[in-house]
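Both counts, for ligands and for their atoms, begin at 1 and track the order of listing. Side chains are part of it too, since the values below use all heavy atoms of this structure and drop only hydrogens, waters and symmetry mates.
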Amino acid sequence: MDNLSFKQHWEKIYETKNHQEVGWYQQKPMVSLSFFEELNVPLDTNIIDIGGGESYLVDNLAQMGYKHISVLDIATKAIEKAKARFKESGQNIHWIVSDVLEFSVSNKYNVWHDRAAFHFLLEEKDIQKYVEHAKNALKENGLLFVGTFSENGPGKCSGLPVRKYAIDELKQVFSPYFEPIKCFNIDHFTPSDNVQNYTFCTFRKKH
Ligand SMILES: C[S@@+](CC[C@H](N)C(=O)[O-])C[C@H]1O[C@@H](n2cnc3c(N)ncnc32)[C@H](O)[C@@H]1O
């Protein structure tokens, strides 16, 4: 699939489905939130959610008191929908419409969060580019939290093929620049009660 069709796919998803109709929907993304709690991520941390879509992670983080949150997604419609939720609140979220591989980093981050966006990269060169990009975007000791479908998870997400990762594979891909802190597998239950097994890893940027 070329880049334009890939973007169009996502625009259509967010134009035609509401958030409870998509498999990845979570009102409270507990796995991601527990990462912030377990590592005592400070409230003045600079966070970016890659492929955040309409995710409620940003709402939860803002409620917890995080002040510097950016959300990046390839789909303009996803960003518009998420942004609309913040219209009245006055909270200052930085919204970015971009392909993660094309995103030019002007600001360095302490935390790079990605749940179910990285796994759409299928070609080795794009995977390498993503890892380099995350390394360049993160400050010293920056934290990277990534979630993909596991080796036991589905082969497709949103109708598109994904690359599935076992824990060791995910560690291997990020190993040039990142050391693992914690990795685990967990089942996600979609709104229609299908089970999707995920691999999650937290990494720290190497010196
Ligand atoms: C399966 S959804 C997950 C959404 C959100 N992270 C969550 O967990 O609820 C994947 C999201 O990643 C976005 N995405 C996929 N590939 C991307 C890319 N190369 N650059 C930026 N966003 C991307 C899609 O538009 C979509 O919003």
Within the 4.0 Å heavy-atom shell around [X], which atoms of ligand 1 are there?
X      : value
Asp99  : 18 (C), 19 (N), 20 (N)
Ser98  : 20 (N), 21 (C)
Phe6   : 15 (C), 16 (N), 17 (C)
Ala117 : 12 (O)
Cys157 : 1 (C)
Gly53  : 27 (O)

Between [X] and [Y], is any side-chain donor less than 3.5 angstrom from a side-chain acceptor?
X      : Y      : result
Asp49  : His113 : yes
Asp187 : Asn197 : yes
His68  : Thr45  : no

Looking at [Y] and [X], is any side-chain nitrogen of the basic one under 4.0 Å from a carboxylate oxygen of the acidic one?
X      : Y      : answer
Glu140 : Lys206 : no
Glu179 : Arg204 : no
Lys7   : Asp99  : no

To check your reading of the model: name the closest protein heavy atom to [atom], its residue, and the distance in Å.
atom                    : answer
atom 26 (C) of ligand 1 : Tyr14 OH, 3.3 Å
atom 9 (O) of ligand 1  : Trp24 CD1, 3.2 Å
atom 20 (N) of ligand 1 : Val100 N, 2.9 Å
atom 4 (C) of ligand 1  : Gly51 O, 3.3 Å
atom 25 (O) of ligand 1 : Asp73 OD1, 2.6 Å
atom 7 (C) of ligand 1  : Arg115 NH1, 3.4 Å
atom 23 (C) of ligand 1 : Ile74 CG2, 3.7 Å
atom 10 (C) of ligand 1 : Ala116 O, 3.2 Å

*From Trp10, Tyr130, Phe149, residue fulfilling ring-ring contact (aromatic ring centres under 6.0 Å, His included) relative to Phe120*: Trp10

Does [X] have a non-hydrogen atom less than 4.0 Å from ligand 1?
X      : result
Gly52  : yes
Leu101 : no
Phe103 : no
Pro29  : no

_Counting only heavy atoms closer than 4.0 Å, does ligand 1 sit against the backbone of Leu72, its side chain, both, or neither?_
side chain

*Could you pull out all residues at least two apart from Cys157 that satisfy disulfide (SG to SG under 2.5 Å)?*
none

*Spatial distance of atom CD (Glu169) from atom OG1 (Thr148) [nearest 0.5 Å]*: 9.0 Å

*Should the ring pair Phe178 and Phe174 be called parallel, tilted or perpendicular, given that the plane angle runs from 0 to 90° and is split at 30 and 60?*
perpendicular

*asked:* For a side-chain hydrogen bond (donor to acceptor under 3.5 Å, both in side chains) check, start with the C-alpha distance between Thr190 and Gln196, then their side-chain angles and the critical distance, and finish with the verdict.
replied: CA-CA 7 Å; Thr190 71; Gln196 298 174 331; 5.8 Å; no

_Quick check with a 6.0 Å cut-off and a 45 degree axis cone: is Lys205 positioned over the face of Phe203's six-membered ring?_
no

